[in-house]
K.L.:
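Have a look at the structure that comes next, please.
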Amino acid sequence: MSEPILRVAGLFGRIGGQQVVEDVSFDVPATGVTALLGRNGVGKTSTIKSILGLIDRSGGMHLGGTRIDRMPTHRIVQLGVGYVPEDREVFGSLTVAENLRLAERDAAPRREFIQRLFPDIHDRRAQRAGTLSGGQQQMVSLARALVNENRLLLVDEPTKGLAPRIVDEVAEALAEAARTVPILLVEQNLHVIRRLAERVVVLSGGRVVFTGEASDLLDDEDRIQRFLGVHDATDPHDTAAGSTR
Amino acid sequence: MSTVVLLLVTGLGLGALYFLVASGLSLIYGLMGVLNFAHGSFLTIAAFLGWEVGRRVSDGTWWGLALSAMVGLAVGAIVAAATEYLLIRRLYERHIEQALVTVGLSLATVALFEGIWGTDPIYTQKPEWLAQTTEILGAKIPNDRFLLIACALVVLGGIVLFLRRTRYGLIIRAGVENRSMVMALGIDVRRSFTIVFAIGGAAAGLGGVLASVYYGYVSAHLGSVLLIFAFIVTVIGGLGSLTGAAIASVLVAVLQQFANFYLGGTGDLVVVVALAAVLLVRPRGLMGKVA
Amino acid sequence: MTDHPVLSLEHVGLRIGGARILNDVSLDVPAGEMLGVIGPNGAGKTTLFNVVSGIIRPTEGRVLLDGQDVSHVAIHHRAAAGLGRTFQTSSLFQALSVVENVRMVAQAHAGGATSVFRTPRRTDAATTRALETLAEVGLEHRADAVASGLSHGEKRKLEIAMLIAMEPKVILLDEPMAGVGSADVPALTEVIRGLHRGGRTVLMVEHHMEVVLGLVDRVAVMHHGELLAVDTPEAVMANPAVQSAYLGEAV
Amino acid sequence: MNQQLTDAPAPARPSAPAPEASGRRPLVLAIGGVALVAALATLPLLAIEIPGVLPGPTYTPGTLQLLAYAMLIAALALSYRMMFGLAGLLSFGHALFFAAGAYGLGMTLNVFAPAEWSSGLVFAVSIGVTLVLGIVLAATVGALALRVTGISFAMVTLAFAQAGSVLIRRNPGSATGGDEGLSLDITNVPEGLVGVVNTRNLYWMALAVLVFVYLVVLWVERSRAGHVAEAARENELRVRVIGIRPYSVKLLIFIVASVLAAVAGMGYLLLQSGASPRIATADFTLTLLVIVVLGGVGYRWGAIVGGIVYTLLDQRLTALAGSDFIAGLPAVLRVPLSEPLFILGTLFILVVLFLPGGIAGIPQRIRSGRKQHPVEAEEATDA
Amino acid sequence: PTTATGGGDATDAGAPVKVAMLTSQTGPLAAYGAAYTAGFEAGLDYATDGTGTVDGRELEIEWADDQGNPDTAVSKAKDFIGQGYEILAGTAASGIATALAEQAAQNKILYISGPAAADVITGANEYTFRSGRQTFQDVATAGTFIGDPAGKKVVVFAQDTAFGQGNLAGVQAVLGGQGATVEGVLVAEDATEFTPFAQQLLGASPDLVFVAWAGASSGAMWTALAQQGVFDAVPVVTGLGDVATYGAYGEASDKISFLNHYFGGASGTDVEAAMIEHLEAAGAEADLFSPDGFVAAQMIVQAIREGGDTVDGMIEALEAWTFDSVKGEITVRAEDHAMIQPMYQAKLVQDGGDWVPELVETIDAETVAPPVAGE
Ligand SMILES: Nc1ncnc2c1ncn2[C@@H]1O[C@H](COP(=O)(O)OP(=O)(O)OP(=O)(O)O)[C@@H](O)[C@H]1O
Ligand SMILES: Nc1ncnc2c1ncn2[C@@H]1O[C@H](COP(=O)(O)OP(=O)(O)OP(=O)(O)O)[C@@H](O)[C@H]1O
Ligand SMILES: [Mg+2]
Ligand SMILES: [Mg+2]
């Protein structure tokens, strides 16, 4: 296997003095989608934020050979990292166009690509992002990351709150993006994971409990149950209610 | 008739002075959400140092005044940038604390200026022409008012260009809302904050030098007097709206002149009543953006 | 109880600037029904809830609660009249403890919430009620935690607890499952089912189709601010317009 | 406000310290409080000396006067904290109500003296009249100012206070004494409250005012209304959605805080035998803000500690500024150190930067060993 | 009656006398405070022949800073009174002086007010004296510039403050009483633009303009009057302030007629020479309020020397006391404790790059004596 694009070794992260990421180590290969999985509150988001230096962190991290654990966030991003945050975090008082303009790092941003991918938000260029619907905000957030050429994408729950059809489209877009850029993806929707992920890293209580090929986890009911707490994941369209007693 | 013209034009001059102070205040508040109580101190220190340098070179000449203005601009910018760097930056996204720090700074600096330059006003010289008057429609208008108006227009234009032509305005508005997300887009938001503070400070510095021309003196309290009106103007104009601040400056100053003259010196009262009225009718001020 | 629907919308429309956000929405919800509201992102679902709860005034049409026109009634009066809701993104009193969050609601419901003459106590009715409610959603062990420190799923549960404490007649749930991990979905589904079981009327916006289909009596489909259809889950799922606009190939 | 219409995520706020969880009121605290008040009450009978802090032994009029003044300022700060710290209402006009109490009582005593009444009655009725005037003023200003929020609220209150300040300085009908201030007409003031011999009584009066204000504040903050106010500071829309109108609660808090300020103002008039226009200025309100933050916004007793520390510091720093020690220093040190306000301002900056919980937050910081940020009023950030 | 410090036997046994001096060492009036203090030191030295004692009794003089803030001043005064100080003196701020006068009355101690000019201090109560001049005397001096006031029109140009209003009332009383028509143009204290008011002055076409102005805005005000040509149209009188303000009049300096309480060298008396000598030795310079401090020291020494230990004795010793001081012979009027003293007319002349005052005429004390307060 070639050099990983991101190498995380012994990462610790703190929020307000509290340890939320503990000694996490994993690699993100230079191609394809690596999924970061785990139940609510295990520290997935915190891991991504630690990588970007958005929370207090320590440990060894290399992005394509460059050491980044001491770098300020903006420098890391300038190395070619795209980030889609968990709670969308669009700038509510700025218009959609301004949100996108702010995100443009490259000399030749891929505006047409974005327009093709999300025609709806293109039509709403002049609207203040704060007044967008939840799903529309999610699209802006994704678009901000996809508008540049990146060496790595960090994507945190991109399908949260999206209509099923849009979920498909986003998955499609990520799949397309993954052809040229490696992605570290946090996702709850197993359907999406199945479709995209090649490798998985599972967190529990702030630690890594499983790493391996996606199929190693997803084809093994037992592991799914153990690591993700889900009973019946083979058919994501079965009613959730039906699977509980 | 000539009285009305006089009141109007001198009102415009005073409005220009208000605007010079308010522009920086509005820029800093509008973009960064920092209610900067130390803005008056930026102005005062610039006025003092501008005067100190100006008088050493050539007091009361155009050359001396120009030099004072340059020094004022530089001092304002440097002091403001230092304030941002040393104090404001540590408290990002905590706007109340940021305002409080500037309150402390203004208390401390005014006391310091008193310690250094004394409590009495120091009277300043100005170029001959500025002490003379020009007659417009029978009213003898002091020439320094024209200088004020011209400078205010230049500053207005300059800042508008800065915001239009550069990404800074965008970066900062986004940064105030969510600083870490801006960094996560690969932008060094801290530098932008410092630059905005420096620009606001430079405008205040220029305002300080011109205020010393207008009042004919420099003193430790020069800034505090103007600050309160600058606040009023900024708020009436709509927080963060530069054109709003410009319009409000002129309205407030002219209103104040007329009320002072015709309504038994009630200028200040009328202005604060106007402030309350405007806010109650339009909580975001005249030109404030609907959030 | 009564023959008229507990909630009805009559030709409700909303324009903001030039944009039509809602267009001629008419809908009757009989008492005790659980109604799912689905539609593409930006269809106007949240806005519809905002109009019903009074956060936004409609520019056209009327909203009737229990037969009374409430279109121009203030938010808090509607709430006091028995209309409860949650928000798409958790909206809590972040600095207050979990039990205080719920007690606030219990007091509002019992009246005299703003009295200076009454002091909340560990043992008073409102607190007891709050603790009971927390037990119902399984949050009693977190009663003294500060709300801002809860995990995502716990916040969702707290929102529901606050709703229960209000004892509303009509409940609006805006994407209660968003961001809830697959592992917690079943439990939360049960809580929502419990809400409904008390005979309450529930309107729920949700993108998790499996959850919607397992719970609701009828489904309303919104698109571009209009109500496309209101029908049984089966009929709606079979509707080709719904499939193309909303579900996509996933079905 | 609109921001919340479409579910924009509310910015996560650092949580407020909750020093006393409601409903749990350990008896120890109450007993400690009573003991503290009792100890303070006996001070004038003791001869305790704290060199460097108090100007003399505690029974001397100078020291009692200083302590009484500090307690009145503490009472005022306490009322301000209720508004700013509890309800998140950043007012720039609180001085107006303090001045209303002081000037109101002073002016009433000047004009209102029916000959047939006993002076005790005149005094009591004057206090009553002033209180009523205070309530009316507070209700009017509050009802108007609370129609707007955030910085606009701050500015509307500032406008009212400025108007009051200008009026007082203008000396309409020679009623306020203008720049020279109003001096107390002692004809109808009880003899026990006049003169340096009676400083002790004035001290007890100030202590009574402080205790009274504290109890009212405690009562309101502990009440349901207080909790709703706190909740409304956190999330106003949410309060409405659960069926409560925040406006009335905020107005209530505003009025109570303002009337308490007026009570402190009356105490001030009696203590100082007069009132000066300084107490009506925006600067005075800013001083209060400084005091409250210095003490710790998250804590009731923070305001008290802040008020007392500030007053004592102000006094002692002035003494320091005039000392020979300072005079002997080189200019770089002498000039700043001989300006009390410079030292106070610098100290204040340091507290805001490095002690976010204020003085009252120190124990909590030591205990938890991590940073605590005081409550941030949401309104001021909603530009 | 407040304290029993030292016991009863201290009365004439040469026990020290405690004197409390309150004045601004910081704050807006710090410069006045400094001049007053220097004057006081000189006066004390002069009145006690350099011994600092009166009849063998030590004077324990304690200085305190009022910060220009009445609250601070009252607190300090109470502290002093509580410690058994028997004499209180000082302050340049009228607001503080009235508050201290109140304290003096409440606590029955002697108070000698400093440079504060408000007329109300005169006759405030029997315990209160003053060592400086009062507004009325300024105004009356202004009146001496127009000869016979009858039928003349005088406009008072002042700030709308207690000080300005007091001056207007004074002019109305003095010159109005002598048959002049008096009008006031009062400008809001916070106004910064004076040009229109200069126009208004001209429009009134008066025979004399009396300007009563204090504070930093005076420079701008004089510039406005000059620019609008007021000086070319009508004689203008104002009070000459302290040395720091000599530069404030700009272009107009030599066109203004000044009334004056005091400037260095105005009186030419022996006492003045002694004061200046002492001031210069101390590195200070004679200024507007030097005599106020000097006189205060003389009064305190007199009160102690002749009045013994009771406040009533001190009051008696001061009332109707006539003595030689910096400005010549002055008298403490018995009825209301007004300070009957000469005043000066002056003008500014250029000396190198600076403006310096020059005496025009000395106005007799009786000519400018205020009417008895309260009558
Ligand atoms: N601001 C905060 N203050 C205190 N604790 C926090 C904060 N943010 C997160 N935590 C805690 O850190 C832990 C990890 O949180 P994180 O958001 O990384 O989880 P996650 O795996 O992304 O969960 P989810 O699936 O719900 O998004 C949780 O226990 C959470 O309670
Ligand atoms: N002030 C406004 N100006 C213009 N358009 C607006 C404004 N406010 C809301 N909208 C638009 O109204 C539409 C309805 O938004 P709403 O939040 O109701 O959608 P939704 O159905 O809840 O979507 P989601 O499932 O994504 O949450 C969106 O397209 C939104 O962009
Ligand atoms: Mg997460
Ligand atoms: Mg929605």
Side-chain angles (χ1 to χ4, degrees), chain A residues 15 45 48-56 68 71-106 109 128-131 137 140-141 143-156, chain B residues 26-35 84-85 89-95 97 160 162-196 238-242 244 283-285 287-291:
Chain A
I15 300 178
T45 302
I48 296 220
K49 288 191 169 175
S50 307
I51 294 170
L52 278 172
L54 289 168
I55 63 176
D56 244 6
I68 58 166
M71 262 187 204
T73 304
H74 66 271
R75 294 274 310 286
I76 299 176
V77 172
Q78 283 164 5
L79 292 177
V81 178
Y83 173 50
V84 180
E86 179 171 29
D87 283 319
R88 301 162 194 153
E89 309 202 25
V90 297
F91 302 109
S93 61
L94 270 51
T95 64
V96 171
E98 285 172 332
N99 265 280
L100 294 179
R101 190 138 46 86
L102 201 58
E104 289 170 3
R105 272 196 331 267
D106 295 354
R128 280 195 326 118
T131 65
Q137 291 184 355
V140 172
S141 187
R144 280 192 315 205
L146 297 177
V147 73
N148 299 305
E149 294 282 358
N150 287 304
R151 294 167 68 194
L152 173 67
L153 282 178
L154 304 174
V155 184
D156 198 349
Chain B
S26 173
L27 192 68
I28 290 174
Y29 185 89
L31 292 179
M32 300 178 59
V34 179
L35 206 54
E84 197 282 333
Y85 189 80
R89 176 173 290 192
R90 296 164 188 275
L91 298 168
Y92 64 89
E93 281 172 12
R94 286 153 59 193
H95 299 297
E97 273 110 322
V160 166
F162 167 77
L163 291 180
R164 288 254 172 84
R165 287 286 163 85
T166 67
R167 260 157 64 100
Y168 284 103
L170 207 55
I171 292 175
I172 287 153
R173 275 193 289 147
V176 170
E177 206 182 308
N178 187 339
R179 181 187 164 96
S180 46
M181 191 59 219
V182 177
M183 298 196 322
L185 292 176
I187 297 163
D188 185 1
V189 69
R190 290 175 305 182
R191 207 186 56 196
S192 315
F193 279 130
T194 313
I195 288 175
V196 165
L239 287 164
S241 163
L242 213 59
R284 304 232 158 235
M287 310 265 293
K289 289 185 217 81
V290 187

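Protein chains get the first letters and strands the later ones, always in sequence-line order, with residue 1 at the start of each. Hydrogens, waters and symmetry mates are skipped; everything else that's a heavy atom, side chains included, is used.
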K.L.:
Below 4.5 Å from any heavy atom of chain A, which atoms of Val182(B) appear? Answer side chain, backbone, both or neither.
P.N.:
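Contact with chain A involves both backbone and side-chain atoms of Val182(B).
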K.L.:
In Å and rounded to the nearest 0.5 Å, what is the CG to CG distance from Asn148(A) to Leu185(B)?
P.N.:
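CG of Leu185(B) is found 8.5 Å from CG of Asn148(A).
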K.L.:
Write down the atom of Ala184(B), the atom of Tyr83(A), and the distance for their closest heavy-atom approach.
P.N.:
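For Ala184(B) versus Tyr83(A), the nearest heavy atoms are CB-CD2, 3.6 Å.
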K.L.:
Which atoms form the tightest heavy-atom contact between Arg144(A) and Met181(B), and what is the distance?
P.N.:
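Answer, listing the atom of Arg144(A) first, then Met181(B): NH2-CE, 3.2 Å.
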K.L.:
Which bit of Arg101(A) is near chain B, if near means a heavy-atom gap under 4.5 Å: side chain, backbone, both or neither?
P.N.:
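The answer is both parts of Arg101(A).
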K.L.:
Considering only heavy atoms, which portion of Leu54(A) lies under 4.5 Å from any heavy atom of chain B: side chain, backbone, both, or neither?
P.N.:
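The side chain, not the backbone.
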K.L.:
Does the side chain of Arg191(B) come within less than 4.5 Å of His74(A)'s, by heavy atoms?
P.N.:
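With C-beta onward as the side chain, the pair stays apart.
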K.L.:
If you draw a 6.0 Å radius around CZ in Arg75(A), do more than 12 non-hydrogen atoms from other residues or ligands fall strictly inside?
P.N.:
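Incorrect, the count does not exceed 12.
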K.L.:
Is it the case that over 12 heavy atoms from other parts of the model lie below 6.0 angstrom from the OH atom of Tyr85(B)?
P.N.:
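Open.
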K.L.:
Let me confirm one number: the CG-CG distance from Asn99(A) to Leu170(B), rounded to the nearest 0.5 Å.
P.N.:
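Asn99(A) atom CG to Leu170(B) atom CG measures 8.0 Å (nearest 0.5 Å).
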